[in-house]
Each structure stands twice: as C-alpha cells, then as structure tokens.
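So you know, we letter chains A, B, ... as the sequences are listed, proteins then strands, and number each from 1. This one's a predicted model, so the numbers in the text were calculated from it and none came from an experiment.
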Protein chains: 2
Amino acid sequence: MGRKSRKSDVDYKAAARQWAEENEDARNPTMKDVARLARVSKKTVSRVINDSPLVNEATRKGIQGLIRDIGYRPDPQARGLASRQSFLVGMISDNPTPQYVVNIQLGILDVLRNTPYELVVHPCDRKSDTFLEDARKFIEVQKLYGVILTPSVSEDERLAEILRELGCAYIRIASIALDMESRMIVTNDRVGSQQAARHLAKLGHTRIALIAGRRSFRSATERRAGFEEGLAEFGITIPPEYIFQGDYTFESGLALGSQILDLDPPPTAVFASNDEMAAGVLQALHVAGQTPPDSLSVVGFDDFETATRVWPRLTTARTPARRIGKLAAERLFEFYDDDKEQGENETTPRLIERDSTRRPRRSP
Amino acid sequence: MGRKSRKSDVDYKAAARQWAEENEDARNPTMKDVARLARVSKKTVSRVINDSPLVNEATRKGIQGLIRDIGYRPDPQARGLASRQSFLVGMISDNPTPQYVVNIQLGILDVLRNTPYELVVHPCDRKSDTFLEDARKFIEVQKLYGVILTPSVSEDERLAEILRELGCAYIRIASIALDMESRMIVTNDRVGSQQAARHLAKLGHTRIALIAGRRSFRSATERRAGFEEGLAEFGITIPPEYIFQGDYTFESGLALGSQILDLDPPPTAVFASNDEMAAGVLQALHVAGQTPPDSLSVVGFDDFETATRVWPRLTTARTPARRIGKLAAERLFEFYDDDKEQGENETTPRLIERDSTRRPRRSP
DNA sequence: CTGAAAGCGCTTACAG
DNA sequence: CTGAAAGCGCTTACAG
C-alpha cells in the first residue's frame, strides 16, 4: 500500500509458475495466455514483441521475462496473416556456380539466425517466358518481407519494377550500382580485373588473351573493361583475335582454351573472367600435354573452391560471396529503418596470387 | 427449363467477367470472392482447392475455371494458420560440400515447382549445444509441412525422434536404411566403393591405400567397408598403416596425400572417400613434382564438379545428388498418402572411369 | 501508455 | 454433396 502503481503488483515470476502448473497437456502458450497471465491486453503483448516504444518500461521488462520463462514464441503465420507480410526472405538467383549460390545463402543465414525470419530459395530461369510472372506470383503469394537478388536476375529492371510496385523491400547484388544506394550491394568487379591485368603486365606479359563471361551478366562487361583498363595503364591492348566469348562455364573455358593454343603467335597469358573458365583453360593445356604456367599463365576471377582444387592453383580476384550475402541481408533489414545508420554496401575484389601465373618465357 | 439442376444455372464465365468489371482497384480475389461469384459457400471453394472428392463434378469444373479466370490464389499463410500446418518444406543439412547441398536443393525444387510449397533452407551445426533445441524450435514455430534431412543430420536418431513427436513428416537421406522405408532415401554408398575396389584390382593394383571420411558420417563407414569388401573379392587386404583418417575436406586430402607419398613401399593406388579428398591427394602429388596417375592411381567418390575440374580427371563413384533430392521430395509428398503407390526410394552409385587411374607401373 | 472490437483468409467441426 | 458458425493467433484502426 502507499504505492500507486498497479502494474508493479503483477508478479511475473508467479505468473510463470502458474502457467507451468495449469498447463498439464504441455500446450505451447499463445499471446492470449501471456496477456492473461500478465494481466494486460493482447495488444500490449503485441507491442512488446514488436518493440513498440509505447509500453511502460516496467511492464515491458516483466512481460519479456514472462515470455522467456514460459517459452512463448509468436506464431509467424498469424502475424503474417494479420499484418499482410510474412517472415520470409526470398533469394532469387540464376547463377550457374553452386559455390556462389551456397555462399550467398550462408551469408544471408548468418544474419537471419536468431531472428524470426527464414530464407526461402528460389532459383529461376531468366530466359523462361514466365519468369517475371512466376517471380511476381512468388513474391505476392508469399507476401515476402523482402527479396535478395543475385546476378544476373539482380540486373533485370523489370523485376525491380515489380518489386517496387508490390511494395516489397529488395536488395540487388551487382557489379555496379543499378539502383538507389539503399537497394544495392556493389561488388566492383572492375577493380578485380584491373588488379589481374596489372599483375600480368608487371610480370612482363604483353601478348595476352581474354575470355569474356556470359553476355547476359553485367559482370562480364565489367570484368572485361577492368582488365583492358588495367592493361592500358601499361600501354598494352588486346587484339580482337585474342578476345573470346565464354559463358562462365567450365566447358566453355575448356573449348576456348584449346582455341587459344592454336593462336599464332600464342599469347603468354590469358585472363578468364571466372574460375570455372580458368579451370577449363588449365585442363585444355593439360590435355595438350603442356604444363601450365610454363607456356601460358592463367588468371581467374572469384576464388571459389575450384581455384584451389586445380593445378596449378589459380591466381584469381576474390569475390567474397559469403560476406556479400551477409551485407545484403543486413541492408535488407535496414531498409525500413530510416534512422538506423546504414552499413557497408560494397565490397572490393582482392587479387590472390598463386601458382598459375609466372613471367613469360623468353621467345626462342 | 426442365432441367432440375440449379448449379448448372451458374454461368462461371459471366461471373469472371463480373469480377473483372467490379474490381476496379485490381485487388487480388479471396476465397470469399470466389464463393460469392460462384454462388456457393466458402467451404465448397475450400473443398475444390483441397481436392476433396466431396464436390459435385460440374460444380468443381466450374469453380476451377472461375479460379483460373480471375486469378485466385489461396493464401498459404491463412491456410496454414487455420490448418496448423504451413506450406513450407524444410531442408536441414550439415554437409561440408556446397555442390552437394545445391544439387539436393535443386532436386527438391524440381518437385516443389508448381505446387504451393516453398523450400526453407536450414544449415546447422550438429556439434552445437543447442542443435536439437534449435531444430525443434524451427520445425515447431514454422509448423513445417515436412523436413528433408541430409547426412549427417539425417543420421541423428534424436532429431528423428523429435520429428515423430511433433508429428512432422520427414525423409532421411542416408547411405543405409535407418528408418522405415517410407521415411528413407537410401544411397547405397557401399556399392560405389565396391565398384571402385574392383576397378583398381582389375587394373592390377595390390598395394592400395585408403582415406576414410569424417567419422561422424555413416557414409565414411560404408564407403570404407564397401572398398574393403571389393578388394577382398580379389584376395587383397589393406594393411593398417595404409589406412588414413580424413574428414571429407580437400585440406585433409592434401595433408594425407603427402603422408601417403612417404609410405615405404608406396601404394600404387589410393581410394579417397570423396572427391574433395581425392583432389587433395592429386594436389599433393603435383606439389611433390609427380604426374598422376603415373606412380599413383587415385579414385574418388561423388562425381561432383570437382571431379572433372582437376587433372587428371577423377575416376569416381557417382552420387546422383539432384536425383536424390528429387526422390526425397517426391517421397515426402507420398508420406500422407496411403493409397498412392510409392516411388523409388533408393539410388545406386555408378563408377565413372576417367584419367586418374591406370595400371600400376612395373616395379623396377 | 493501454485496451476492446473487428478482421486478416482460410479450415475445422458439425449438421444436414 | 453442401453450408453456417466458430476459430486459428495475431495486428489494425480506433478510442481513450
């Protein structure tokens, strides 16, 4: 007596004990149970789990403790139905490299862990007639909280437009900025291939071939441009007949690798726009009975597992895929937060020098 | 007139036109709308979308057409909330090989495409203290329709027990049968390494080393046992000092590969229990200046991308991962169906002969 | 800072 | 074969 507050009269620990006693069939508690035990309305419990500032601090602490004690976990489906937004984050991808896809997933999951959000994966085929329709349906029906887009679907303006139209938060991962800053993770691929070019130039290579990536990927343009820029710093240009069109697959690297061997005069180095194609070139050399990098230095891009499995191990520009996924997810959760300080939204490739590059042999 | 049926009086095409006219704000239709337009109760619409047999055929056809015409898509969250079961399939995995994980995912998604179900990925760490607790929470809170478990979590009996307790359908992918047939996809790894052993024996190898897989994986035991069985058919046994304990990583293969080179007398062939370790052995040989398979034949297991990236390309027993994922998902959907004929529930490895194996050199 | 009422879009349980 | 009522577990919109 004497104290005016009625709220502090609620003994939350006793409430938790009461629950333990009365709940014989070990039913999971609902918001209704929490409200009853804490002697508040469901709305107040709702405010607590949604971090609303409009709750008395003592009440908040008490309810949070009670929630912990009785093991209450809000039902994401019910919250989703009522708020018209699910607790699902979608990852829409069309990347041909499994190592990339898994690492992006792991990065996203690093952020989702210990949140109520789950990751729903959605590979797609951008060339399909129903690609946009399917994507819209997925986003709309699942009422996704947000979507993370990897190259090359991230580069599709029509898909971004659909996301905006549906009011769905999204983050685009791409080699260059294609959208407002808060919607992008930029990987600056150009920088990586510039480094690759400088590395080869400094080793003394001047007759250099290039295998471009798949046309439908913006990174293909960026990686090629960066490489040519890097060489230009040393006054080196690549003649058109030393430029080949790959598609980012091992098989294309293998096929183009043997074409490169037939060039006359042959180049002393080749830049393949990703590790898979670089691995293909190495294999073409082995098939031809050569021992790289003796007659031909090879540089890749990505530094995924393949880079260290092949022999010689690849000199390559690293794409920090897991970190990229992590940044994308962090950025996604900042999207609705105006005041939250924005974190990093770009990564820079770093050249990893290994055994697939060396100085060119003196011409005989 | 003269016809008694009242249902056939409903003009579903006209109803669809009516919707197009009245729905000026382009709202997505709900079950309530469908019911009103078709002049039936929501319950009847519900029966149609859930394929209940208790619906008049003409009514069913009409409603199905109407649903198509106006683009009605049932809300999975609402269905989930009411039925206490979501439309999410979980994939719980702890496999260290990205190529495996992605291919299983793709196989599952092959089956989920054009269904209302979505795939939620959930990598985990079986050694974590909270592993079981976390898994239970995930399954319970998301009210998963079902779960697909890959090795080695698939081999955890405590997790399977939790799934049964929660009444959640699950499929375990494992190298041997660990559960009732309707809950298993068996990959018969033992058969693959038997083939590998016979292949080496037939080439004339007799002094053979083995690198076992990670102890916590049942496949490690199976692959080893199969290999020893296969050799036994030819009267060959592996001395203990020719048996090494790996952990399924490239790094372990690399480290053990150089140990194998130091054996005296050295073996003429080695079986690594997966491709990653086999790739490590090949690299150890290259580092030592050797040119496999001249002095040492190497056999792997899995035939994931790595197998064809390395040089020489690996002779290996194929694990059809995408197909395994597909079978697991198909089996999951058969789980609640008593009458549905059960599909295949096992796969068999097949040895793919490539360049990493040859006849042993004559001893000098 | 708090709550009572209505509703999100379905299914369950029951009745006929 | 069909439907009216109640309810799943939350949030919204409003009032105080």
Query - Pairing residues for B/D33 by the salt bridge (Lys or Arg N to Asp or Glu O under 4.0 Å) criterion, not counting sequence neighbours - result: B/R27, B/R36

Report task. Identify whether the distance between the nearest side-chain nitrogen and carboxylate oxygen of A/E330 and A/K326 falls below 4.0 Å. Result -> yes

Query raised in the report: Looking at residues at least two apart in the chain, or sitting in another chain, which of them share a salt bridge (Lys or Arg N to Asp or Glu O under 4.0 Å) with B/D94?
Result: none

Requested in this report: Can you tell me which residue pairs pass the salt bridge (Lys or Arg N to Asp or Glu O under 4.0 Å) test with a partner in residues 77-88 of chain A, sequence neighbours excluded?
Outcome: none

**Report entry** Residue pairs involving residues 59-71 of chain B (criterion salt bridge (Lys or Arg N to Asp or Glu O under 4.0 Å); sequence neighbours excluded)
**Finding:** B/K13-B/D69, B/E57-B/R60

Query raised in the report: Which string of ( ) [ ] | and . matches DNA chain D, if you list each base 5' to 3' and count Watson-Crick or G-U pairs only when both distances are under 3.5 Å?
Result: |||.||||||||.|||

Requested in this report: Would you mind reading off the distance between B/N28 atom CG and C/dC8 atom P, rounded to a whole angstrom?
Outcome: 14 Å

Report task. Give the rounded distance in Å between these two atoms: CG of B/D75 and P of D/dC8. Result -> 18 Å

Scan the side chains in residues 112-119 of chain B for donor-acceptor partners under 3.5 Å anywhere in the protein, sequence neighbours excluded, and list what turns up.
| residue | atom | partner | partner atom | Å |
| --- | --- | --- | --- | --- |
| B/T115 | OG1 | B/L112 | O | 2.7 |
| B/T115 | OG1 | B/Y117 | N | 3.0 |

**Report entry** C/dC1 versus D/dA13 - spacing of their P atoms, nearest Å
**Finding:** 22 Å

Requested in this report: Using the closest heavy atom to pick a nucleotide of DNA chain C for each, name whichever of A/P53 or B/P74 lands nearer the 5' end.
Outcome: A/P53

Query - Closest-nucleotide ordering on DNA chain D, the 5'-leading residue of A/Q77 and B/L54 - result: B/L54

Requested in this report: Answer with base, sugar-phosphate or nothing: what part of the nucleic acid does B/P29 contact at a heavy-atom distance below 4.0 Å?
Outcome: nothing

Query raised in the report: Which pairs with one or both residues in residues 164-173 of chain A pass salt bridge (Lys or Arg N to Asp or Glu O under 4.0 Å), sequence neighbours excluded?
Result: A/R136-A/E165, A/E157-A/R164, A/E157-A/R172, A/E161-A/R164, A/R164-A/D179, A/R172-A/D179

Report task. Figure out the CG/P separation between B/L81 and C/dC8, and round it to whole Å. Result -> 13 Å

Query raised in the report: Side-chain N or O of A/S41 less than 4.0 angstrom from OP1 or OP2 on C/dA4?
Result: no

Query raised in the report: Between the main-chain N or O of B/K32 and the side-chain N or O of B/T30, is there a donor-acceptor pair closer than 3.5 Å?
Result: yes

Query - Set of side chain to side chain donor-acceptor pair (under 3.5 Å) partners for A/D125, sequence neighbours left out - result: none

**Report entry** d(CG, A/D33; P, D/dC8) in whole Å
**Finding:** 11 Å

Report summary line: Rounded to whole Å, CZ of A/R39 lies from C1' of C/dG3 at a distance of 16 Å

Could you run down the sub-3.5 Å N/O contacts of the protein with nucleotides 11-14 of chain C?
| residue | atom | partner | partner atom | Å |
| --- | --- | --- | --- | --- |
| C/dT11 | OP1 | B/N50 | ND2 | 2.8 |
| C/dT11 | OP1 | B/R79 | NE | 3.2 |
| C/dT11 | OP2 | B/S46 | OG | 2.4 |

Report summary line: note: B/K61, atom NZ; D/dC1, atom C1'; distance rounded to Å ~ 17 Å

Query raised in the report: Quick one: A/K143 NZ to D/dC10 C1', roughly how many Å, whole number?
Result: 12 Å

Query raised in the report: Looking for any heavy atom pair under 4.0 Å, which part of the strands does B/P76 touch: base, sugar-phosphate only, or nothing?
Result: nothing

Query raised in the report: Counting only side-chain N and O atoms of B/T59, is one of them less than 4.0 Å from OP1 or OP2 of D/dT2?
Result: yes

Report summary line: Test side chain to side chain contact (heavy atoms under 4.5 Å, CB included), reference B/I173, set B/V153, B/I148, B/L149, B/L327, output is B/I148

Report task. Would you kindly give the CZ-to-P distance between B/R73 and C/dC10, to the nearest whole Å? Result -> 11 Å

